[in-house]
Structure formats: structure tokens, C-alpha cells
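Values reported hereafter were calculated over all heavy atoms of this structure, with side chains retained and with hydrogens, waters and symmetry mates removed. Source: prediction; values computed, not measured.
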Amino acid sequence: SRNIQGSMSDIQMVMSARASRKWDGAYTSDAERFLSDMSHKLRAYHILFWASQARRYRILLTDRGLSRMVAKGVLTNKEKEAFDLQMGV
């Protein structure tokens with residue numbers, strides 16, 4: 001719902017505001033890596049949240065759906081393997 005989207009937006013705003021910066025205002029390389037990683041995780045969380053809430057997106061929770069998300073870069077192989085272990089695939 002909108003609450004999830006708003007919370008995710010708040011998280012991203014706080015992270016970007018508090019991330020380390022160089023003297024010229026650009027993010028440090030560590031901060032860029034962190035923000036990129038967190039953005040990836042939040043995007044995957046949002047997709048998986050809706051897959052668990054809306055019947056029309058449930059296929060994303062299957063092996064086929066998770067494999068497709070890996071192919072599209074939404075999940076990494078390591079993340080998919082963790083889901084496979086949890087779901088007993």
C-alpha cells in the first residue's frame with residue numbers, strides 16, 4: 001500500500017542525506033556502494049512484498065519467478081538460493 005511506498009521513500013531519503021560525501025559534495029565510493037546495495041535490496045523487497053500480497057503477482061514467489069528476477073537483475077543468484085532454502089525448492 002501507500003504506507004510501504006512512503007516508508008521506503010523515507011528510508012531512501014535518510015540514507016542519501018546521511019551518506020558520506022567528499023569535499024565537493026559527491027558521494028564517497030563506499031557511500032555509493034552502500035546506497036546502490038540498499039537500493040537493490042529495497043527494490044527486491046518491494047516486489048516480493050507485492051508478490052506476497054496480491055494473487056496476480058504470486059508467480060514471482062515460484063522458482064520460475066525467482067529465476068526470472070535473477071535474469072532481470074532484481075535478485076542475485078545468492079539471494080535466490082537463500083529463498084530456495086527457505087521455501088524448500
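The side-chain heavy atoms of Leu66 and Leu48, taken from C-beta on, include a pair separated by under 4.5 Å. Between Arg21 and Thr28, the closest side-chain pair of non-hydrogen atoms is not below 4.5 Å. Using a 4.5 Å heavy-atom threshold, the side chains of Ile11 and Met38 count as separate. At least one side-chain heavy atom of Ile4 sits under 4.5 Å from a side-chain heavy atom of Tyr45.
Here the side chain of Ser67 pairs a donor or acceptor atom with the backbone of Asp63 at under 3.5 angstrom. Side-chain atoms of Ser7 come within 3.5 Å of backbone N or O of Asn3 as a donor-acceptor pair.
The minimum heavy-atom distance between Val74 and Ala44, with the atom names listed, is O-CB, 3.7 Å. Of all the heavy atoms in Arg64 and Ile59, the pair that sits closest is NH1-CD1, 4.1 Å.
Identified under the salt bridge (charged side-chain N to carboxylate O under 4.0 Å, His left out) test for residues 35-60, with sequence neighbours left out: Asp37-Lys41, Lys41-Glu79.
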Taking distance alone, no hydrogens or angles, what donor-acceptor pairs closer than 3.5 Å link side-chain atoms of residues 12-19 to residues at least two apart or in another chain?
unit_1, atom_1, unit_2, atom_2, d
Ser16, OG, Gln12, O, 3.1
Ser16, OG, Met13, O, 3.1

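In this structure, CE in Met8 is found 10.0 Å from CZ in Phe49, a value given to the nearest 0.5 Å. Taking NZ of Lys80 as the start and CG of Asp84 as the end, the distance is 3.5 Å to the nearest 0.5 Å. To the nearest 0.5 Å, atoms OG (Ser29) and NZ (Lys22) are separated by 7.0 Å. With rounding to the nearest 0.5 angstrom, the CZ atom of Phe34 is 11.0 Å from the OG atom of Ser36.
With sequence neighbours left out, the salt bridge (charged side-chain N to carboxylate O under 4.0 Å, His left out) criterion links Asp10 to no other residue.
Other residues, nucleotides and ligands contribute only 12 or fewer heavy atoms inside 6.0 Å of the CZ atom of Arg68.
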- Residue pair Tyr57, Ile47: steps toward the side-chain contact (heavy atoms from CB on, under 4.5 Å) verdict: CA-CA 9 Å; Tyr57 301 124; Ile47 291 168; over 6 Å; no
- Query: Is there a side-chain contact (heavy atoms from CB on, under 4.5 Å) between Phe83 and Leu75 once you walk through the steps?
  - Reply: CA-CA 10 Å; Phe83 282 113; Leu75 295 176; 4.2 Å; yes
